Each structure stands twice: as C-alpha cells, then as structure tokens.
S.K.: 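Questions regarding the structure given below will be posed in turn.
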Amino acid sequence: MAFDAELADRIRDLLTGTIGLTEKKMFGGLAFLIGGHMAIAANSKGGLLVRVDPAESAEIVARSNAEVAVMGGRRMTGWLQVPGVDTVEELADWVELGTGYAGSLPAKT
C-alpha cells in the first residue's frame with residue numbers, strides 16, 4: 001500500500017529549507033531524514049512514524065495519542081506511531097519533535 005501523499009506534502013511544506021533533509025521510501029511510508037537519520041514518516045494509513053529520544057518515549061506516549069511502534073513483533077522504544085493528525089499545529093509539533101531528535105544525532109556519512 002502506498003503512503004499518504006497528502007500527509008507527506010504537509011510534512012514537506014513544514015520542512016522546506018531544512019538543512020540536510022532527504023526523503024526515502026521506508027517502513028511502508030515516505031520518511032524524511034535529517035543527516036541520514038529518519039525523523040518522521042508518513043504512513044499508508046494517514047498516520048506518522050516519529051523518531052524521538054528513547055528516554056522520553058514513555059512520557060510522550062502518556063501525554064499524547066501516540067503509541068510505541070511495533071516492528072516485527074518487537075516494541076521499538078524511540079519510535080512512535082501516531083494516528084492521523086488533523087491540524088497544522090499538531091503536525092508541526094510532531095515534525096519538530098522528530099527533526100529535533102534526528103538533528104541531534106551525528107550525521108551519517
């Protein structure tokens with residue numbers, strides 16, 4: 001199944017001008033990478049996959065509608081699955097969270 005192109009466009013609009021930004025199809029969606037690290041992705045169901053500091057995963061889940069992502073039957077602390085995001089403000093918050101963490105990591109060469 002293809003990723004949600006409208007959501008990907010909304011994310012792309014928020015990331016315009018971001019240094020080190022690349023896009024790559026992965027995890028069944030379209031991922032946006034900063035310095036080679038996935039920050040956020042639009043999935044096929046209109047939701048997001050967001051990379052966060054693993055130490056903050058539980059706190060973020062407790063205060064939001066996000067869940068820790070499960071890949072291959074394994075809970076992936078530091079990766080959050082977020083169902084549909086309706087507002088620009090809500091999407092901007094998730095984009096900022098994902099890009100902030102990905103941007104804090106040493107760039108891949």
Side-chain angles (χ1 to χ4, degrees):
M1 187 179 282
F3 61 87
D4 183 332
E6 181 181 331
L7 179 59
D9 286 342
R10 291 172 58 206
I11 294 168
R12 190 177 294 112
D13 288 346
L14 291 169
L15 292 173
T16 298
T18 301
I19 295 171
L21 177 69
T22 56
E23 297 180 20
K24 184 176 183 178
K25 290 182 181 179
M26 55 193 307
F27 302 122
L30 181 66
F32 296 84
L33 297 84
I34 306 292
H37 297 280
M38 196 203 96
I40 192 163
N43 69 28
S44 62
K45 297 176 182 145
L48 303 171
L49 180 62
V50 182
R51 184 139 186 218
V52 299
D53 184 337
E56 297 177 6
S57 288
E59 189 272 325
I60 295 168
V61 167
R63 66 175 164 81
S64 71
N65 64 338
E67 296 179 0
V68 173
V70 176
M71 295 180 210
R74 190 171 141 224
R75 290 175 50 85
M76 304 296 292
T77 304
W79 299 86
L80 302 181
Q81 191 67 46
V82 182
V85 256
D86 298 322
T87 68
V88 173
E89 294 80 13
E90 183 181 13
L91 181 58
D93 288 345
W94 288 114
V95 167
E96 183 178 335
L97 189 62
T99 57
Y101 182 67
S104 75
L105 301 170
K108 293 182 178 182
T109 54

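Predicted model only: the values in this text are computed from it and were never measured.
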S.K.: Indicate if Met26 and Trp79 have the same hydrophobic cluster label, given that clusters are the connected sets of ILVMFWY residues with side-chain heavy-atom separations under 4.5 angstrom.
M.R.: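 Yes; tracing contacts between hydrophobic side chains, which count when under 4.5 Å, links both residues.
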
S.K.: Could you tell me whether the side chain of Asp93 and the main chain of Glu96 form a donor-acceptor pair under 3.5 Å?
M.R.: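 Not a single qualifying donor-acceptor pair exists.
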
S.K.: Roughly how far, to the nearest 0.5 Å, is CZ of Arg51 from CD1 of Ile34?
M.R.: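 Result: 12.0 Å between the selected atoms.
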
S.K.: Are the side chains of Leu49 and Ile40 in contact, using a 4.5 Å heavy-atom criterion?
M.R.: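 Not touching, per the 4.5 Å side-chain cut-off.
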
S.K.: Testing the basics here: between Ala39 and Ala102, what is the closest heavy-atom pair and its distance to 0.1 Å?
M.R.: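 Closest approach of Ala39 to Ala102, heavy atoms only: CB-CB, 3.7 Å.
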
S.K.: Treating Ile, Leu, Val, Met, Phe, Trp and Tyr as nodes and any side-chain heavy-atom pair under 4.5 angstrom as an edge, say whether Phe32 and Leu91 lie in one connected cluster.
M.R.: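 Both belong to a single hydrophobic cluster.
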
S.K.: Please find the pair of heavy atoms, one from Val61 and one from Ala66, that lie closest to each other, and give the distance.
M.R.: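 Heavy atoms only, the tightest pair is CG1-O, 3.5 Å.
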
S.K.: Would you please name every residue forming a side chain to side chain donor-acceptor pair (under 3.5 Å) with Glu23, sequence neighbours left out?
M.R.: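 Only Arg12 meet the side chain to side chain donor-acceptor pair (under 3.5 Å) criterion with Glu23.
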
S.K.: Side-chain heavy atoms nearer than 4.5 Å, only ILVMFWY residues, links allowed to pass through others: does that put Trp94 and Tyr101 together?
M.R.: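 No, it is not one cluster - the side chains of Trp94 and Tyr101 are not joined through contacts under 4.5 Å.
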
S.K.: State whether Glu6 and Arg10 are salt-bridged, where the test is any N-O pair (Lys NZ or Arg NE/NH1/NH2 against Asp/Glu carboxylate O) under 4.0 Å.
M.R.: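 No, no charged N to carboxylate O under 4.0 Å.
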
S.K.: Under 4.5 Å between any side-chain heavy atoms of Val50 and Val52, yes or no?
M.R.: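 Sidechains of Val52 and Val50: in contact.
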
S.K.: Does Pro54 offer a backbone N or O that forms a donor-acceptor pair with the side chain of Thr77 under 3.5 Å?
M.R.: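 No: the side chain of Thr77 does not pair with the backbone of Pro54.
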
S.K.: How close do Ser57 and Gly78 get, counting heavy atoms only, and between which atoms?
M.R.: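 Minimum heavy-atom separation between Ser57 and Gly78: OG-N, 2.9 Å.
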
S.K.: Under the side-chain contact (heavy atoms from CB on, under 4.5 Å) test against Leu7, which residue among Leu48, Asn43, Leu30 passes?
M.R.: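 Between Leu7 and the candidates, side-chain contact (heavy atoms from CB on, under 4.5 Å) is satisfied uniquely by Leu48.
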
S.K.: Measuring from Ile60:CD1 to Glu67:CD, what's the distance to the nearest 0.5 Å?
M.R.: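 Separation between the atoms: 14.0 Å.
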
S.K.: Can Leu80 be reached from Phe3 by stepping across I, L, V, M, F, W or Y side chains whose heavy atoms are under 4.5 Å apart?
M.R.: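 Same cluster: Phe3 reaches Leu80 through Ile, Leu, Val, Met, Phe, Trp or Tyr contacts under 4.5 Å.
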
S.K.: Hey, is the main chain of Leu21 close enough, under 3.5 Å, to the side chain of Thr18 for a donor-acceptor pair?
M.R.: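 The answer is no, because no donor-acceptor pair under 3.5 Å joins these two groups.
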
S.K.: Would you say Asn65 and Pro83 make side-chain contact, with heavy atoms under 4.5 Å?
M.R.: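 Counting from C-beta outward, Asn65 and Pro83 do come under 4.5 Å.
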
S.K.: Using modelled atom types only, decide if a donor and an acceptor are shared between the side chain of His37 and the backbone of Thr99 within a distance under 3.5 Å.
M.R.: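 Answer holds: no.
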
